[in-house]
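Note that this is a predicted model, so its numbers are computed, not measured. Residue numbers count from 1 along this sequence.
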Amino acid sequence: MATTERPQQRLRAWMLEGLSDMGRTRVAQEAATKSTPEHEGQPWYRVMCLTGVDYFSTLGYQPGIAALAAGLLSPIATIVLVIVTLAGALPVYRRVAEESPRGEGSIAMLERLLSFWQGKLFVLTLLGFAATDFLITITLSAADASTHLVENPHLNSTLHDKQMLITLVLVALLGAVFLQGFLEAIGVAVALVGVYLVLNVVVVVVGLGHIFTERHVVTDWSSALTAEHGNVFAMVGVALIVFPKLALGLSGFETGVAVMPHVRGDDSDTEEHPEGRIRGTKKLLTTAAVIMSVFLILTSFITTLLIPQREFESGGQANGRALAFLAHHYLGGAFGTVYDVSTIAILWFAGASAMAGLLNLMPRYLPRYGMAPHWARAVRPMVIIFTLIGFLVTWIFDADVDAQGGAYATGVLVLISSAAIAVTIAARKAGQRGWAIAFAVISAVFLYTTVVNVIERPDGVKIGACFIAGIILVSLLSRLARAFELRVTHVELDAMAERFIRDTASRKIRFIANEPDRRDKAEYRDKIEQIRQDNDLPDQEDFVFVEVTVTDPSEFESVLTVRGEVLHDRYRVLTLESSSIPNGLAALLLHVRDSTGSIPGMYFEWTEGTPFANFLRFFLFGQGEVAPVTREVLREAEPDRARRPRVHTG
């Protein structure tokens, strides 16, 4: 029997490795953060490469998708996209960097604006779109990497019908690396981004050279544009309409903010004011946006003029690999193969960056809401789940880059729109009227872009809705399953409360749970008399009242704050602030037991109402049938009945 259990135990320990570290309380996490000097980290330009593997890798497929979406108007539509990037997304995320210097991003900004259950549901909705963004990044990048591999002239005859299999292998390989323990190596990102951008510079320069020497291609393009659209104003109008289809080129800003903790700050930085880190992140975002904008305009121009439109279609040699097509066509098979290898590597690393983003994002919110199983704090089980979902998405979209573009763009645009709305509200609250108006206009542009993208390519919102529904369902079931956990991360008592505990520790420690009403002398006198009669207690027994104020019942974990006061010169009262009455009372009883060595008891009245209605009140509002729920929380927290605080109900 032992021989069969030992491998299972080893497997369980391996799967849940790091669980205790990831499950630290927020107090411990804040203490660990404060103990780390703010100036530690990497120079901003190196960290830029970490977000660049996601942002810059879109050059692998963006020119081809732009050509399919806008046709001959691709360069003009791309210029519109660049204007939106530099005048819209960039200012928004520079402000996000100011508002969330620890890399929390726009979701955390919006979370602070909303409370209670509506805030939690809103965050879960945004998490669904964020999951869409990151997961489609994994599957789309893997699909495009397999396209570059399959369409390589040296391998096409062997691999031409193996794209689905290769994509699944790449997704599986990504998951396998994370199961072994993946660290985002900034050095690797710097090398990949550096080589990839240099190769793209070569392709762009060669492409521009051919356009310069074969000037008829410019004339042919302009003539075709005029014949198709008539005049410049019509061209710009159509470009404004079709540019939402090019929204893939906006990816990377959310990742840019997420990597903020890696940016080295100044020696004078503090946790409250990490000015150096914020300044470095702004440089990161600006530099990345400018580099990408230049590449987007130039690559859309050379691919539109030098590649026949039919090659962009499904089955064409430039489908999903427009720049690779030019690299092979103008620079030969050797250079083209090197370009393919570089593109495959950076696309794969973009998937790794997205996986790391998922693993960083979900544990930041769901466990804190009580909306994730206990094992979801560990990396490896989540890697397996995300990898399996990646398999499913790849199978649904048949490993097609073009088919996944809509879903990817939807996730990107929803996150950018939410960021724009968040900074608009932040600017308005700060009294910055000019910035508030500017950000409101930017928000309107991104909301328009999102709506147009959803209408024309509804796959994205359908996939996002599936993720949202799945996250909300799993979250609520998890919250139900974990409802009777202790849920208190730390207990803080003021001096008066400590004194009450010390005074009663020499006798039997008896508390009375009281729902405050008028808080006059008669209320406390009648309550003591009722408790004595219901439980046949002698008159000489003394009590300490305990009253709980529910703060935000939608919060799962909370710090329990306990204050002591003497009312009417006679009655000792402990007032608690907690997200749930039963869990707060249970945490107080356990803290008193541990600090005094005595087993305390607490006296309750039965609550009126049906058990089901009372349970719903407890689940949603932290109230309800307090006595039995407090006892159940204690039973789960302390299995030893002899050491368990007593619950008395008359």
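No side-chain heavy atom of Asp534 sits under 4.5 Å from any side-chain heavy atom of Tyr603. Contact of the Phe545 side chain with the Ile528 side chain is registered, since non-hydrogen atoms from C-beta on lie closer than 4.5 Å. In this structure, the side chains of Phe511 and Leu585 stay at 4.5 Å or more apart for every pair of heavy atoms. Under the 4.5 Å side-chain criterion, counting only non-hydrogen atoms from C-beta, Glu577 is in contact with Arg563. Side-chain contact between Ile442 and Val92: present, with at least one pair of heavy atoms (C-beta onward) separated by less than 4.5 Å. The shortest side-chain heavy-atom distance between Phe543 and Arg532 falls under the 4.5 Å cut-off. Using a 4.5 Å heavy-atom cutoff, the side chains of Thr132 and Thr410 are not in contact.
Closest approach of Ala426 and Met109 over heavy atoms only: CB-CE, 4.2 Å. A pairwise comparison of heavy atoms in Val647 and Thr630 identifies CG2-CG2, 4.5 Å as the closest pair. Looking at every heavy atom in both residues, Val257 comes nearest to Ser100 through CG1-OG, 4.0 Å. Of all the heavy atoms in Pro645 and Ile599, the pair that sits closest is CA-CG2, 3.8 Å. In terms of heavy-atom proximity, Ala587 sits nearest to Leu560 at CB-CD2, 4.0 Å. Taking all atoms of both residues into account, the shortest heavy-atom contact from Met260 to Ala97 is CE-O, 3.6 Å.
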Kindly indicate, with the supporting measurements, whether the criterion side chain to side chain contact (heavy atoms under 4.5 Å, CB included) is fulfilled by Leu388 and Leu392.
CA-CA 6 Å; Leu388 292 176; Leu392 179 62; over 6 Å; no
From CA spacing to verdict: side chain to side chain contact (heavy atoms under 4.5 Å, CB included), Glu523, Tyr571
CA-CA 11 Å; Glu523 177 181 340; Tyr571 301 108; over 6 Å; no
Can Leu574 and Ile501 be said to form a side chain to side chain contact (heavy atoms under 4.5 Å, CB included), step by step?
CA-CA 10 Å; Leu574 295 178; Ile501 301 303; 4.2 Å; yes
Report the C-alpha distance between Leu589 and Leu634 in whole Å, list the side-chain angles of each, state the deciding distance to 0.1 Å, and finish with yes or no for side chain to side chain contact (heavy atoms under 4.5 Å, CB included).
CA-CA 9 Å; Leu589 290 171; Leu634 288 169; 3.9 Å; yes
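Partners of Glu275 by salt bridge (Lys or Arg N to Asp or Glu O under 4.0 Å), not counting sequence neighbours: none found. Residues forming a ring pair (Phe, Tyr, Trp, His ring centres under 6.0 Å) with Phe439 (at least two apart in sequence, or on another chain): Trp435. In this view, Arg643 and Glu638 satisfy the salt bridge (Lys or Arg N to Asp or Glu O under 4.0 Å) rule, not counting sequence neighbours. Applying the salt bridge (Lys or Arg N to Asp or Glu O under 4.0 Å) test to Arg525 and every residue at least two apart in sequence or in another chain returns nothing. Phe500 meets the ring pair (Phe, Tyr, Trp, His ring centres under 6.0 Å) test with no other residue; sequence neighbours excluded.
The NZ atom of Lys508 lies 11.0 Å from the OG atom of Ser598; values are rounded to the nearest 0.5 Å. To the nearest 0.5 Å, the span separating CG on Asp133 from CG on Leu127 amounts to 12.0 Å. Atom CD of Glu98 and atom CZ of Arg279 lie 12.0 Å apart (nearest 0.5 Å). Note that the CG atom of Asn514 and the OH atom of Tyr524 stand 5.5 Å from one another [nearest 0.5 Å]. Note that the CE atom of Met382 and the OG1 atom of Thr387 stand 10.5 Å from one another [nearest 0.5 Å]. Taking CD1 of Ile416 as the start and CG of Leu447 as the end, the distance is 11.5 Å to the nearest 0.5 Å.
Annotation for Asp569: atom CG does not count as buried by contact number, only 12 or fewer foreign heavy atoms lying within 6.0 Å. For Arg519, the CZ atom counts as densely surrounded, since its 6.0 Å shell holds more than 12 non-hydrogen atoms of other residues, nucleotides or ligands.
In terms of modelled atom types and a separation under 3.5 Å, the side chain of Arg646 and the main chain of Arg644 share a donor-acceptor contact. Looking at Asp494, its side chain does come within 3.5 Å of a backbone N or O of Gly564 through a donor-acceptor pair. A donor-acceptor distance shorter than 3.5 angstrom exists from the side chain of Ser443 to the backbone of Ala420, with no hydrogens or angles considered. Side-chain atoms of Asn535 come within 3.5 Å of backbone atoms of Ile531 as a donor-acceptor pair (strictly under, hydrogens ignored).
Within the structure, the ring pair (Phe, Tyr, Trp, His ring centres under 6.0 Å) test picks out no pair touching residues 576-597 (sequence neighbours left out).
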